[in-house]
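Data first, discussion second: the structure below is written as structure tokens.
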Number of protein chains: 2
Amino acid sequence: MKIKLCYTGGMTEHASETDSPHHAPVPLAECALARAIRAIGDGWTLLILREALCGVERFDAMHDDLGIPRSVLAERLSKLVAEGILEQRPYREPGRRQRNGYGLTEKGRALTPALVALREWSEAHLPGGPSRLRLQTQDGQEVTTRLTRADGSSLDDLSEIVAVAKPE
Amino acid sequence: MKIKLCYTGGMTEHASETDSPHHAPVPLAECALARAIRAIGDGWTLLILREALCGVERFDAMHDDLGIPRSVLAERLSKLVAEGILEQRPYREPGRRQRNGYGLTEKGRALTPALVALREWSEAHLPGGPSRLRLQTQDGQEVTTRLTRADGSSLDDLSEIVAVAKPE
DNA sequence: CATCTGAGTCCATTTTTCATACCCAAAATA
DNA sequence: TATTTTGGGTATGAAAAATGGACTCAGATG
């Protein structure tokens, strides 16, 4: 996946109402969502973040859980560390040499809402039976996401949402 | 990325408190989040969903916006249609032959919260300047996500969240 | 009829992933 | 001290996927 950040941007003169109601041609370089996708939008990377969210810190544990090739795991971990999403966490088991695991930084933990939303979507719309992974508060309440407007009111009808391009 | 759904599952006898506090070894097959990642956790797929959320329906428009190879775009679109996330939307411009675009189904639109959360994370934690893509209500209010507990109260401290494996 | 256009398909080349084997440092064992 | 063991990686060749460009197809237009 080699995203070119050249983008013809801007409405061309023949853009018309035959286009969809709200085509917002925001160049990829100026789109926060696109940047997030470039940072973590990869199957293995997302699965590694799931492991991290579940508290799995060790290379071999991730390797065993995911069945990911070791070279790919090493490469993704170092990329996530370089991006500040994971950090190395040296640890030592008694009678064993010091090693380093990987844990979420604050930046990485801030991805929780996105992962919770993805999990919710999956539960509601994908087949596969109930999930055994629960994301909950320490007192056992399930955590979910809710869309809200700027004024704080909650937004239930997705068709109310439009994507628009801010003028430069 | 070839996920093997064999997973050694279950705590082994030497699992101990040297593991992270809440290691929840839920097999990938029984994890809703993992299923979501398998369905849409791919860079191009996510960028295509961004296009769809922005109302871009046409093959060539997506191709131009993203710079994605045509063969990859065709393959991803047909996969998304097969999964019921996108649907073909036949349309005809005046004086042109009928063609089909692609639009979000209800299932696809239900991914909006996840994409909004991802966008929020990017704005807050990735460099790159302000985003020009806004997701807002028709009356111009920005849409954001909020984590909530089952009782409806909102949850601001991410460290309150734990991942646990439901017993089978 | 010849041409144009959007929406793909086909194909040769390059890149990434996969699976397996191998390596390294320090602790444990002898 | 020499040897083994083990977690945490690297190296390597084969397989799969992405890339970019050419090609195709159907129908509208001139």
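By convention in this document, chain letters (A, B, ...) are assigned in the order of the sequence lines, proteins followed by strands, and residues within each chain are numbered from 1.
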key: By salt bridge (charged side-chain N to carboxylate O under 4.0 Å, His left out) - contacts of B/Glu75 (at least two apart)   = B/Lys79
key: Separation of D/dG7 C1' from A/Met62 CE (nearest whole Å)   = 14 Å
key: Matching residue for B/Ile85 among B/Lys107, B/Arg109, B/Glu106 - test: side-chain contact (heavy atoms from CB on, under 4.5 Å)   = B/Lys107
query = Tell me: CD1 of A/Ile68 to P of C/dT16, nearest whole Å?
reply = 15 Å
request  = List in chain and number order the residues that pass salt bridge (charged side-chain N to carboxylate O under 4.0 Å, His left out) with B/Arg35, two or more places apart in sequence or in another chain; answer none if no residue qualifies.
outcome  = none
task = Take the protein atom NE2 of A/His63 and the nucleotide atom C1' of D/dT6, then report the distance between them rounded to whole Å.
result = 15 Å
key: Contacts of type side chain to side chain contact (heavy atoms under 4.5 Å, CB included), residue A/Arg99, not counting sequence neighbours   = A/Tyr91, A/Arg97
B/Leu73 CG - D/dG20 P separation (whole Å) = 14 Å
ask   = Going 5' to 3' along nucleotides 8-16 of chain D, which nucleotides have protein heavy atoms under 4.0 Å from the base (write B), which only from the sugar-phosphate (write S), and which from neither (write -)?
value = BBB------
task = Just grab all the salt bridge (Lys or Arg N to Asp or Glu O under 4.0 Å) pairs involving residues 145-154 of chain B, residues at least two apart or on different chains.
result = B/Arg149-B/Glu160
request  = Mind calculating the distance between CH2 (A/Trp44) and C1' (D/dA17) to the nearest angstrom?
outcome  = 15 Å
query = A/Glu75 has an atom CD; how far is it from atom P of C/dT15, in whole Å?
reply = 15 Å
request  = Could you pick out which residue, A/Val72 or A/Gln98, lies toward the 5' side of DNA chain C when each is mapped onto its nearest nucleotide?
outcome  = A/Val72
task = Check the distance between C/dT5's P and B/Asp64's CG and give it to me in whole angstrom.
result = 14 Å
task = Figure out the CG/C1' separation between A/Asp42 and C/dC18, and round it to whole Å.
result = 15 Å
query = Which residues satisfy the side chain to side chain contact (heavy atoms under 4.5 Å, CB included) test with B/Gln88, sequence neighbours excluded?
reply = B/Val81, B/Asn100, B/Tyr102
request  = Give a yes/no on whether any side-chain N or O of A/Arg76 is located under 4.0 angstrom from OP1 or OP2 of C/dT17.
outcome  = yes
